[in-house]
Protein chains: 2
Amino acid sequence: MARVRGEKGEKSEKNEGPEGAAGPAEAVGVAAGNDAVRLLWGPRPKPGRGPKPGLDLDRIAHAGIKIADAEGLGGVSMQRAAALLGVTKMALYRYVPGKAEVIALMVDAAIGRPPEQDAAGATAPGWREELDGWARRLFDVFRLHPWLLEATVGPRVMGPAELGWMEQAVSALDGTGLTGAERMDAAVLLTGHVRAIAQQARAAAPTSGTEAQLGAVLGALLAEHGGRFPALTAALDSTRETGGQDEAWEFGLRRILDGLAVLIDQRPA
Amino acid sequence: MARVRGEKGEKSEKNEGPEGAAGPAEAVGVAAGNDAVRLLWGPRPKPGRGPKPGLDLDRIAHAGIKIADAEGLGGVSMQRAAALLGVTKMALYRYVPGKAEVIALMVDAAIGRPPEQDAAGATAPGWREELDGWARRLFDVFRLHPWLLEATVGPRVMGPAELGWMEQAVSALDGTGLTGAERMDAAVLLTGHVRAIAQQARAAAPTSGTEAQLGAVLGALLAEHGGRFPALTAALDSTRETGGQDEAWEFGLRRILDGLAVLIDQRPA
DNA sequence: TGCTTTTAGTGTCCGCTGGACACAGTTGAC
DNA sequence: GTCAACTGTGTCCAGCGGACACTAAAAGCA
């Protein structure tokens, strides 16, 4: 396996200034961009002369995923991942230049390739049904790996799997008369909704203390300070368990698709 | 000032298990819920007998904001914030039970109260104009404090300012025939779009290395692996600088408002 | 006025993190 | 058979969030 760090001095440049003084550096910073691209998109350097590598990027990614699924992204550390693989943490640095890249690999592996959807008979489904199904499948992924939300904030490089999802959404809009930019914007719009609801679902998840505790907190707050938020109070009162986040998901999805339909209908095909 | 930690043993409960074994614990975890509620919503305990407090929650929040604005959320540590205020980091723990609460305070202070918008003459603006302006103003806030994106992932308690924004959006839909739940869902939908574009804008921000580097990376990737992503390649080729993220913002906003209009028009007022 | 109690800020300590670096042992190529 | 490349380990470091004991200041009460 080829050296994972380029020039050995390259990595040290990260430490310039007191704290980097520029980027978030929190998750997958852009500083890791080039490295991350190489790791995500290959080519994976073939083993050369030394001892056989005991690990590979996939195993590392899945070790991280296992931890993150069980304990959240905060539970993922180089130590824990390495321990899960039966090596010391420094062994991981033979495969990956830093933690940011581990997370990038985790993200792409966890998102996974989008399932093929055509088949299902001879009738072509139409853009609306396709996008609807696409959004639901993506939502399922975020529900399965809630930490994906935190892991995908900030500037980062998309991996092949993630790009595959984008491809599928954009191609669902082929032949609708929308321009290329518009098709991509539509995919971004849908992704935003998926993320928004996934986030809201996580807040109400039973993992978080006692049941839908946060919703209760909101209710209590409005009960106490309701005077300052009349419209919210009224809205919440008139709701009272109409459906919860499932409703928000369906509502937003329908609104977005309706909005797209308005545009598509007035376009010459 | 009253003791900030309740029973002194309460805090230790956080350390149960190897790593909490439950929550993300990364940002503002739900474990901080009760404390965060007290700090965000008051009542602020009035000073009692001891030495005069040299700080207050607002100053702490703004110190954190200053750092985060300059260096990103990753640059915010108790040490740095305390140093900016001229005290040791442990002094902060007299006001705040932990870092999570500092971030919660930063978030609410940075989001700020939504500007009043009525006035502007006698003509009532109508829900569409109101929501449009609302979304743009919220977007401005996220552009001003990009770290808000990272700071607001995960389950958390909303502060008065944040709830004020929600209030404004919901009240803009009063009288449209939408149910309370639907009005809230619409607000969530818009917020999701604001966040999605804010995130995408951050990726292309000049802060990140050389200019819109990440967009270039995407282009290079598609140039190399374009065969696997035909629809994306076509979309991106047909685009070529049609406008960038501004277009995505306008596109999504219009689509959402169109979708809402479809629903509202078919509702009896 | 003086004493006592409450409290603000400090200093010290701990476990953990991500990462640099030097080293030992294994392997393939010549 | 020798050598160069490479994997995994051990050790070290600065920085992090936070617990805890301590000193000093201020207010209430006698």
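These numbers were taken from a predicted model, which means no experiment stands behind them. What you see below is based on every heavy atom in this structure, not just the backbone, and it leaves out hydrogens, waters and symmetry mates.
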Enquirer: May I have the distance from A:L73 (atom CG) to C:dG18 (atom P), rounded to whole angstrom?
Expert: 11 Å
Enquirer: CZ of B:R59 versus P of C:dA8: gap in Å, rounded?
Expert: 15 Å
Enquirer: For a side-chain contact (heavy atoms from CB on, under 4.5 Å) check, start with the C-alpha distance between B:R195 and A:Q199, then their side-chain angles and the critical distance, and finish with the verdict.
Expert: CA-CA 12 Å; B:R195 291 179 59 106; A:Q199 169 153 3; 3.5 Å; yes
Enquirer: Rounded at 0.5 Å granularity, tell me how far CH2 in B:W165 sits from CG in A:L232.
Expert: 14.0 Å
Enquirer: side-chain hydrogen bond (donor to acceptor under 3.5 Å, both in side chains) with A:R137: which residues, sequence neighbours excluded?
Expert: A:Q117
Enquirer: Checking A:L84 now: which residues fulfil side chain to side chain contact (heavy atoms under 4.5 Å, CB included) with it, not counting sequence neighbours?
Expert: A:A63, A:K66, A:I67
Enquirer: State which residues pass side-chain hydrogen bond (donor to acceptor under 3.5 Å, both in side chains) with B:R143; sequence neighbours excluded, sorted by chain then number.
Expert: B:D140
Enquirer: Who passes side-chain hydrogen bond (donor to acceptor under 3.5 Å, both in side chains) against B:E162, sequence neighbours left out?
Expert: B:R156
Enquirer: So, is A:Y95 close to the D:dT7 phosphate, meaning a side-chain N or O under 4.0 Å from OP1 or OP2?
Expert: no
Enquirer: Rounded to the nearest 0.5 Å, what separation is found between the CD atom of A:Q168 and the CG atom of A:L138?
Expert: 10.0 Å
Enquirer: Go through the structure and list residues passing side chain to side chain contact (heavy atoms under 4.5 Å, CB included) with A:P160, not counting sequence neighbours.
Expert: A:L40, A:W41, A:D108, A:R113, B:R228
Enquirer: Atom NZ of A:K99 and atom C1' of C:dG19: how far apart are they, to the nearest Å?
Expert: 12 Å
Enquirer: Could you spell out the base pairing of DNA chain C as a dot-bracket line? Use Watson-Crick and G-U wobble contacts where both distances are under 3.5 Å, [ ] for crossing pairs, | for partners on a different strand.
Expert: ||||||||||||||||||||||||||||||
Enquirer: State whether A:Y93 places a side-chain N or O below 4.0 Å from either non-bridging phosphate oxygen (OP1 or OP2) of D:dT7.
Expert: no
Enquirer: For B:A196, what residues pass the side chain to side chain contact (heavy atoms under 4.5 Å, CB included) criterion, not counting sequence neighbours?
Expert: none
Enquirer: Identify each atom pair where a protein N or O and an N or O of nucleotides 10-13 of chain C are less than 3.5 Å apart, giving names and distance.
Expert:
residue	atom	partner	partner atom	Å
C:dT10	OP2	B:T88	N	2.7
C:dT10	OP2	B:T88	OG1	2.3
C:dT10	O5'	B:T88	OG1	3.2

Enquirer: Can you name the atoms? Protein N/O to nucleotides 28-30 of chain C N/O, anything below 3.5 Å, with the distance.
Expert:
residue	atom	partner	partner atom	Å
C:dG28	O4'	A:R49	O	3.1
C:dG28	N2	A:R49	NH1	3.1

Enquirer: Applying ring pair (Phe, Tyr, Trp, His ring centres under 6.0 Å), can you list everything that pairs with B:H145, at least two apart in sequence or on another chain?
Expert: B:W147
Enquirer: Any side-chain N or O of B:Q79 under 4.0 Å from OP1/OP2 of D:dG15?
Expert: no
Enquirer: With sequence neighbours excluded, what pairs up with B:F139 under the ring pair (Phe, Tyr, Trp, His ring centres under 6.0 Å) test?
Expert: B:W249
